[in-house]
Enquirer: 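The structure is given below, and queries will be raised subsequently.
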Protein chains: 2
Amino acid sequence: MERDTRQRAAIRSAIETAARPLAPHEVLDLARTTVPQMNLATVYRNLKAMQAEGIIAVVRLPGESARYEPNHLAHHHHFQCDGCKRVYDIHGCTGEMLHSVPSGFLVARHELTLYGLCDACSPQRRALGKLRPVPSRPATT
Amino acid sequence: MERDTRQRAAIRSAIETAARPLAPHEVLDLARTTVPQMNLATVYRNLKAMQAEGIIAVVRLPGESARYEPNHLAHHHHFQCDGCKRVYDIHGCTGEMLHSVPSGFLVARHELTLYGLCDACSPQRRALGKLRPVPSRPATT
DNA sequence: ACGTTTATGTTAATGCATTTGCATTTGCAA
DNA sequence: TTGCAAATGCAAATGCATTAACATAAACGT
C-alpha cells in the first residue's frame with residue numbers, strides 16, 4: 001500500500017474530514033462520492049494498511065463492529081445515538097473513575113461510551129419537523 | 001422454557017454464583033461440572049429465555065461478544081484484564097462524565113470499561129510465582 | 001511511452017457467534 | 001404410570017464482518 005491511488009486518497013479524505021468515527025461501509029459511501037466504482041474490499045485493505053502506518057485508529061464500541069478515525073486526536077470518548085446509531089466524539093475527560101478498582105488491580109486505560117439522542121434525533125428537533133426522524137445512514141452494524 | 005431441568009438450574013446457578021459476567025462458553029464450562037453432557041445450544045437457549053424473563057442481563061464490552069450476569073446488580077461498570085481477558089465488576093460510579101456532551105444531545109445511559117491487569121495477572125503476583133501467568137480459562141472471544 | 005509491479009474489482013471463502021431442525025429424552029399434570 | 005408437550009443433544013445452517021484469490025487496471029521509475 002504505498003502507491004497513490006484515487007481510492008486511497010478518497011478513503012483517507014473521508015476519514016480525515018468526518019467529525020466522527022466511521023464504519024467501513026460509511027467510509028465506502030463517502031468515498032464513492034469521489035470514486036463511484038470503489039469497492040468494500042478496497043476499503044478494508046486500505047483501512048488495514050492505514051492502521052499499520054499509524055495514520056488512523058480503531059474505535060470499538062460495545063456490540064458494534066469497528067469504526068475508524070484519524071489517529072491525531074487527543075484523548076476522548078464517544079457518544080452513540082440511540083436513534084441514528086451514529087457515533088460522535090466527546091472531548092474532555094476527567095479521569096476520576098480510575099480509582100474504584102479492587103486492590104491488586106492495575107488500570108492502564110479506559111473506554112467510556114455515552115448513549116442517548118443526538119441533536120438531529122432529539123425530540124424537540126423532531127417535533128419541529130426540521131428533518132427526518134433518522135439521518136440517511138442509519139443503524140450501522 | 002418453563003420446566004425445571006437440571007441444565008437450566010446449572011446454568012442459572014453458574015451465573016448467580018460467579019462474581020463476574022460470563023461468556024456463553026464460560027457458562028457451559030461451569031454448568032458442565034454439574035451436568036456433564038450439557039450442550040452449548042442449550043446454554044444459548046436458556047440465556048435467551050432468562051433474558052426474556054428478566055433474570056439475567058447482557059454485558060457487552062468493546063470488541064467482545066456478549067457476557068451475562070444476574071439482573072439484580074446495582075449500577076456498576078466493568079474491568080477487563082489484558083492478561084486473562086476475564087471481566088470483573090467494578091462498583092461505584094460518580095456520574096460526572098455525563099456533562100461534556102454537545103448542546104442538543106441527551107444522555108440516557110453510559111458504559112465504562114477499564115483495562116489493565118487483574119490481581120491474579122499483576123506483575124508482582126506473577127513474579128512471586130504464586131500461580132500460572134494466566135488463569136485456566138483465558139482469552140474469552 | 002513502456003514495462004514492471006502493486007492496487008483494485010469481483011466474487012468466493014473464512015471465522016465466529018449464534019440459531020435452527022429434528023430425533024430423543026424428560027418434566028409434570030392427570 | 002402414562003402420555004404429551006416442552007427441552008435437550010447433536011449437527012447442520014445462518015448471519016455478518018472481514019479476508020483471500022485471481023484476473024485486470026492503474027501507478028511510476030526508466
Side-chain angles (χ1 to χ4, degrees), chain A residues 1-15 21-53 55-68 80 85 87 137-141, chain B residues 1-15 21-53 55-68 80 85 87 137-141:
Chain A
M1 263 3 181
E2 38 210 30
R3 290 184 178 176
D4 273 357
T5 65
R6 287 160 13 85
Q7 17 293 74
R8 182 172 176 73
I11 289 168
R12 176 197 285 257
S13 166
I15 294 175
L22 300 178
H25 65 260
E26 289 176 313
V27 172
L28 178 64
D29 290 347
L30 279 176
R32 272 186 171 159
T33 63
T34 301
V35 186
Q37 78 280 17
M38 173 94 57
N39 190 279
L40 186 55
T42 299
V43 171
Y44 274 106
R45 276 186 288 241
N46 277 280
L47 288 177
K48 179 180 284 192
M50 290 165 133
Q51 264 186 79
E53 294 169 37
I55 67 182
I56 65 174
V58 190
V59 174
R60 290 182 173 287
L61 300 194
E64 298 282 307
S65 49
R67 285 179 171 75
Y68 301 85
Q80 182 171 40
K85 301 303 180 190
V87 175
R137 226 315 164 190
T140 290
T141 74
Chain B
M1 260 7 180
E2 41 211 27
R3 290 184 179 174
D4 273 355
T5 64
R6 288 160 12 87
Q7 15 296 75
R8 182 171 175 75
I11 290 168
R12 177 198 285 257
S13 167
I15 295 174
L22 300 178
H25 65 261
E26 290 177 313
V27 173
L28 178 64
D29 290 347
L30 278 176
R32 272 185 169 160
T33 63
T34 300
V35 186
Q37 78 279 19
M38 172 93 59
N39 190 278
L40 187 54
T42 298
V43 171
Y44 273 106
R45 276 187 287 240
N46 276 281
L47 288 176
K48 180 180 284 191
M50 290 165 136
Q51 262 185 82
E53 293 169 37
I55 68 181
I56 65 174
V58 190
V59 174
R60 290 183 173 287
L61 300 195
E64 298 282 307
S65 50
R67 285 179 171 75
Y68 301 83
Q80 182 170 39
K85 302 301 180 190
V87 174
R137 227 314 164 190
T140 291
T141 71

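By convention in this document, chain letters (A, B, ...) are assigned in the order of the sequence lines, proteins followed by strands, and residues within each chain are numbered from 1.
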Enquirer: I need the single residue from B/Val58, B/Val27, B/Leu22 that forms a side-chain contact (heavy atoms from CB on, under 4.5 Å) with B/Tyr68. Which is it?
Expert: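 One option only clears the test, and that one is B/Val58.
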Enquirer: Give the rounded distance in Å between these two atoms: CG of A/Asp4 and C1' of C/dA7.
Expert: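 After rounding, the reported distance stands at 12 Å.
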Enquirer: Can you measure B/Met1 atom CE to C/dT20 atom C1' for me and round it to whole angstrom units?
Expert: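 The distance from CE of B/Met1 to C1' of C/dT20 comes to 13 Å, rounded to the nearest Å.
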Enquirer: Tell me whether the side-chain N/O atoms of B/Tyr44 come closer than 4.0 Å to OP1 or OP2 in C/dT18.
Expert: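 Yes, such a contact exists.
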Enquirer: May I have the distance from A/Glu2 (atom CD) to D/dA26 (atom C1'), rounded to whole angstrom?
Expert: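 My rounded result for the distance is 15 Å.
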Enquirer: In whole angstroms, how far is the P atom of D/dT18 from the CG atom of A/Leu47?
Expert: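 For the pair A/Leu47 CG and D/dT18 P, the rounded distance is 9 Å.
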Enquirer: Within the structure, does a side-chain N or O atom of A/Ser65 lie under 4.0 Å from either OP1 or OP2 of D/dC16?
Expert: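 Checking D/dC16 against A/Ser65, no side-chain N or O comes under 4.0 Å of OP1 or OP2.
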Enquirer: Give every pair of a protein N or O atom and an N or O atom of nucleotides 9-12 of chain C that lie under 3.5 Å apart, one pair per line with the distance.
Expert:
from	atom 1	to	atom 2	distance (Å)
C/dG9	OP1	A/Gln7	NE2	3.2
C/dG9	OP1	A/Gln37	O	3.3
C/dG9	OP2	A/Asn39	N	3.3
C/dG9	OP2	A/Thr42	OG1	2.7
C/dG9	N7	A/Arg45	NH2	2.7
C/dG9	O6	A/Arg45	NH1	3.1

Enquirer: To the nearest 10°, let me know how far the axis at one end of the helix from C/dA1-D/dT30 to C/dA30-D/dT1 is tilted from the axis at the other, five pairs an end.
Expert: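 About 30° separates the two local helix axes.
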Enquirer: On DNA chain C, does the nearest nucleotide to B/Arg60 precede the nearest nucleotide to A/Arg3 from the 5' side, or the other way round? Give the residue.
Expert: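 Its nearest nucleotide lies further toward 5', so the answer is A/Arg3.
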Enquirer: Any Lys/Arg nitrogen of A/Glu53 or A/Arg8 sitting under 4.0 Å from an Asp/Glu carboxylate oxygen of the other?
Expert: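 So A/Glu53 pairs with A/Arg8 through a salt bridge.
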Enquirer: Roughly, in whole Å, what's the span from CD in B/Glu53 to P in D/dA7?
Expert: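 Distance, rounded to whole Å: 10 Å.
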Enquirer: Need to verify one output field. Residue with the more 5' nearest nucleotide on DNA chain C, B/Pro24 or B/Arg6?
Expert: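 Its nucleotide being nearer the 5' end, the pick is B/Pro24.
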Enquirer: Whether A/Lys48 contacts D/dT18 is assessed here as follows: a side-chain N or O lying under 4.0 Å from the phosphate OP1 or OP2. Is that the case?
Expert: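 Indeed not, no polar side-chain atom of A/Lys48 lies that close.
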